[in-house]
Number of protein chains: 4
Amino acid sequence: MPKQTFFNLPSKKRERILQAGMEEFSAYPYLKSSTNRIIENADISKGSFYQYFDNKKDLYKYIIKKATDEKIEFLNEQLVDFEKQSFFDYLRELFIGGIKFKKQYPLLSKIGDRLLTGDNESLKKEVYDESRPKSNQFFLNILKKAAVRGELDPEIDIEMTAYMLTDFSISIIDYYFKQYEPENNDRVVEELEQILEYVDKMIYIMKNGIAKKC
Amino acid sequence: MPKQTFFNLPSKKRERILQAGMEEFSAYPYLKSSTNRIIENADISKGSFYQYFDNKKDLYKYIIKKATDEKIEFLNEQLVDFEKQSFFDYLRELFIGGIKFKKQYPLLSKIGDRLLTGDNESLKKEVYDESRPKSNQFFLNILKKAAVRGELDPEIDIEMTAYMLTDFSISIIDYYFKQYEPENNDRVVEELEQILEYVDKMIYIMKNGIAKKC
Amino acid sequence: MPKQTFFNLPSKKRERILQAGMEEFSAYPYLKSSTNRIIENADISKGSFYQYFDNKKDLYKYIIKKATDEKIEFLNEQLVDFEKQSFFDYLRELFIGGIKFKKQYPLLSKIGDRLLTGDNESLKKEVYDESRPKSNQFFLNILKKAAVRGELDPEIDIEMTAYMLTDFSISIIDYYFKQYEPENNDRVVEELEQILEYVDKMIYIMKNGIAKKC
Amino acid sequence: MPKQTFFNLPSKKRERILQAGMEEFSAYPYLKSSTNRIIENADISKGSFYQYFDNKKDLYKYIIKKATDEKIEFLNEQLVDFEKQSFFDYLRELFIGGIKFKKQYPLLSKIGDRLLTGDNESLKKEVYDESRPKSNQFFLNILKKAAVRGELDPEIDIEMTAYMLTDFSISIIDYYFKQYEPENNDRVVEELEQILEYVDKMIYIMKNGIAKKC
DNA sequence: AATGAATGAGCTTTCATTCAT
DNA sequence: AATGAATGAAAGCTCATTCAT
């Protein structure tokens, strides 16, 4: 966690530093990210940086945390209450929300992706093991509720499904951007339609599997 | 690709170098891996290294390629011909083979994992985009064949399913090792049983989805 | 010397600062000691520190001085008047007192030891040359008195002897702690006996030298 | 220990580096010594330094070792065989040798002094605990031989005496330089005479103690 | 009197790569 | 083909002290 000194800073400066950090961590993998560049872009002195943060990792973890919180907040705003709709409708909204978030906050998303697919294993453990379980737990929760409501096949292993969904929720969004937005896509009109169509295909698979129904 | 000089080397020396490389790349993330350590462990001179390889990445990519090939070969040995069984039985064997491979070649697997979860995006693109499509293509192929055989729900998007399966085939193996082998597991007897049970749960989900059947 | 502001401080705060300083200087060599840690432990602000002291050295020298004074006071309390006993008995008590002081005030002793064996030569000169002469002068004084009383061999060079005794009085105490108290010694009973025996051996050598008597 | 690369260097360059190191370590306490200055004065690149040595300490320890060896060699050249003279004559020569060495190799001496009176405790332990026992053992050896020859008072504790002599041999040389050579002394003529006179006073005390003979 | 943010030169060490031999 | 010394930019981080408030 940043030191108190950081939070005492005028918010403008604080934002400048966070911005510089976010740019750095989204542009470079953690191991190649440079405090030097960060302080340069934030226009603060080396000494100051270490007055605010214990070290590079301190800032990094803080930004990761902010990104996560931001995403959760974003999703919460988008999502209709779980109780008020079917499990698969909720899942649908969740994926749509994920895609929208990545569209709206590409920087934050990039940092998050770097982490989730991050190469620094020990660091990943440190940060990610705090966040993967969170995501996992989230899916576990709604799966359990859905099971109670009788929406799920009683045969399936719920824990395993939660794990699958966690991975899924990342890779499926990746796939969307690879498939449908390889270049900067300016056709805003068809966009939502496209997302919906895509997500629905996905949900269909989750729901029914891929085997032929007899 | 390594230079011709590398392939002219006596095979013993060549193996020594590859072994040193594999140990390094499985022990450290690419960005932290050190050519110094590699040449030290391989007992060659610095100059020689650059006479065999363009640079660190050259060796890295070569080792990744070898690991991939090794895995494919391993799977081919294990797998019954696709034509001789149902798609889902084949998939089942594939996952079992994946788990067995990771058990048998932990070093190679570790390198592969590092790559797939690798933080160096540009490198990842360079290497992985050569290998992901391979894996993707593989699933696409068998999915198409399965579709022709009428084993798949005609509603599903086959491309998307191939993508999902690719991701799946990695994360699902991870989950196995997290869930069932947190510590060194000495109970060899029940092992195969365990793998089978696990894989079957997984296949069930892929096949039928998670929604309640009516 | 600390500034007047320091002496104007409520004694509680003053003590807190001195305590923090003593802990720091006994825990770290001067060059590694940190004003940051000191102000943190003393719970004062950075600015305040420099309102009380010119710089780190200022506090350091002041603490050294206090330690020295404390030791002198301690010894004075322990020592029977020089006039009332023989020189060698006095010396004996002095050494015993030295051992006891180190036992009782390990913190202060440690600072003193760091100084005497201190690596920062210019600092040492600055501080120690104020205190070594003091110690030296002390021995010179009693040696002179002893000479007058006819207790000393008239052949010896009294200045040199004073110098020797100064060094001696430190190293001999070190040796005691190395030899007799390598670990935490709980045998309190035999302790005094042990000290006495040890000191007596030492005094014997000072008195008679090491050559065989004819 | 320096790496092989260092010993492969042309002796001229090797000497340049050692010289730069010696100058640095004699001019600054270890903690304040700077590899930057060393490489600058040695006119080598930063990278090269770390090709030759593991780190700063590596060079430091090597120089200390060289200084010690040099001193031992110097003394061996000066000293008449212990068997061929009395213990006290031998001691006399030893002290004279010590003074001469310091005169001839002031740089090496300074480094040695810094160490023996060195402030970096852990470093001191590492280096000094290899060398103090050496010196201690040396005195212990000759004391034991002298005891066998009947030159010593059987009352004295030989171990303690060895410890005392070790300290002594340092502080007594210090005293000489403080007392007799406060400034650069050019009067070479009287010099030897002076040393002899000084050492003899010292030996007298060691031999006979300071108490009045009855 | 008290504060604490700001400073920036300095530190040691790492590294992949080059190139003369 | 083989060598291994040389490179130097860049890294993360520490620190005592200053000074505006």
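Computed from heavy atoms alone, side chains included, the values below leave out hydrogens, waters and symmetry copies. In the text below, chain A, chain B and the rest are named by the order of the sequence lines, each starting its count at 1. Note that this is a predicted model, so its numbers are computed, not measured.
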Requested in this report: Any chance you could lay out the side chain to side chain contact (heavy atoms under 4.5 Å, CB included) test for Phe25(C) and Lys110(C), step after step, and finish with the verdict?
Outcome: CA-CA 8 Å; Phe25(C) 293 129; Lys110(C) 214 161 186 181; over 6 Å; no
Query raised in the report: Rounded to whole angstrom units, what separation is found between the CD1 atom of Ile39(D) and the C1' atom of dA5(F)?
Result: 15 Å
Requested in this report: Would you please name every residue forming a side-chain hydrogen bond (donor to acceptor under 3.5 Å, both in side chains) with Thr35(C), sequence neighbours left out?
Outcome: none
**Report entry** Whole-Å distance separating the CD atom of Gln4(A) from the P atom of dT3(E)
**Finding:** 16 Å
Query - Stems involving DNA chain E, each a run of at least 3 consecutive Watson-Crick or G-U pairs under 3.5 Å - result: E:2-21 with F:2-21
Report task. Classify the nucleic acid contact of Lys13(C) as base, sugar-phosphate or nothing, counting any heavy atom under 4.0 Å across all strands shown. Result -> sugar-phosphate
Query raised in the report: Residues in salt bridge (Lys or Arg N to Asp or Glu O under 4.0 Å) with Asp69(A), at least two apart?
Result: Lys65(A)
Query raised in the report: Which part of the nucleic acid, if any, lies within reach of Phe6(C) when heavy atoms closer than 4.0 Å are counted: base, sugar-phosphate only, or nothing?
Result: nothing
Report task. Report, as a single string ordered 5' to 3', how protein heavy atoms within less than 4.0 Å touch nucleotides 12-21 of chain E: B base, S sugar-phosphate only, - not at all. Result -> BBBBSBB---
Query raised in the report: Does Lys56(D) use its side chain to pair, donor to acceptor, with the backbone of Ser33(D) at less than 3.5 Å?
Result: yes
Query raised in the report: With a non-hydrogen cut-off below 4.0 angstrom, is Asn8(A) in contact with a base, only sugar-phosphate, or nothing?
Result: sugar-phosphate
Report summary line: Whole-Å distance, Phe7(D) CZ to dG4(F) P, equals 16 Å
**Report entry** Separation of dA5(F) C1' from Lys12(D) NZ (nearest whole Å)
**Finding:** 19 Å
Query raised in the report: Does Phe49(D) have any ring-ring contact (aromatic ring centres under 6.0 Å, His included) partners at least two apart in sequence or in another chain, and if so, which?
Result: Phe53(D)
**Report entry** DNA chain E: 5'-proximal contact among Thr5(C) and Leu9(A) (nearest heavy atom)
**Finding:** Thr5(C)
Report summary line: Residues at least two apart in sequence or cross-chain that pass ring-ring contact (aromatic ring centres under 6.0 Å, His included) with Tyr105(D), listed by chain then number, are Phe101(D)
Report task. Could you note down all residue pairs passing salt bridge (Lys or Arg N to Asp or Glu O under 4.0 Å) where residues 38-48 of chain C supplies at least one of them, sequence neighbours left out? Result -> none
Query - Pairs involving residues 12-21 of chain A, ordered by first then second residue, that meet side chain to side chain donor-acceptor pair (under 3.5 Å) (sequence neighbours left out) - result: Gln19(A)-Glu23(A)
**Report entry** ring-ring contact (aromatic ring centres under 6.0 Å, His included) partners for Tyr52(B), two or more places apart
**Finding:** none
Query raised in the report: Rounded to the nearest Å, what distance is computed from the CD atom of residue Glu24(A) to the P atom of nucleotide dA10(F)?
Result: 13 Å
Query - Protein-nucleotide distance (Asp43(A), atom CG; dG8(E), atom P), rounded to Å - result: 11 Å
Requested in this report: Indicate, with a heavy-atom threshold strictly under 4.0 Å, whether Ile44(B) touches base, sugar-phosphate, or nothing.
Outcome: nothing
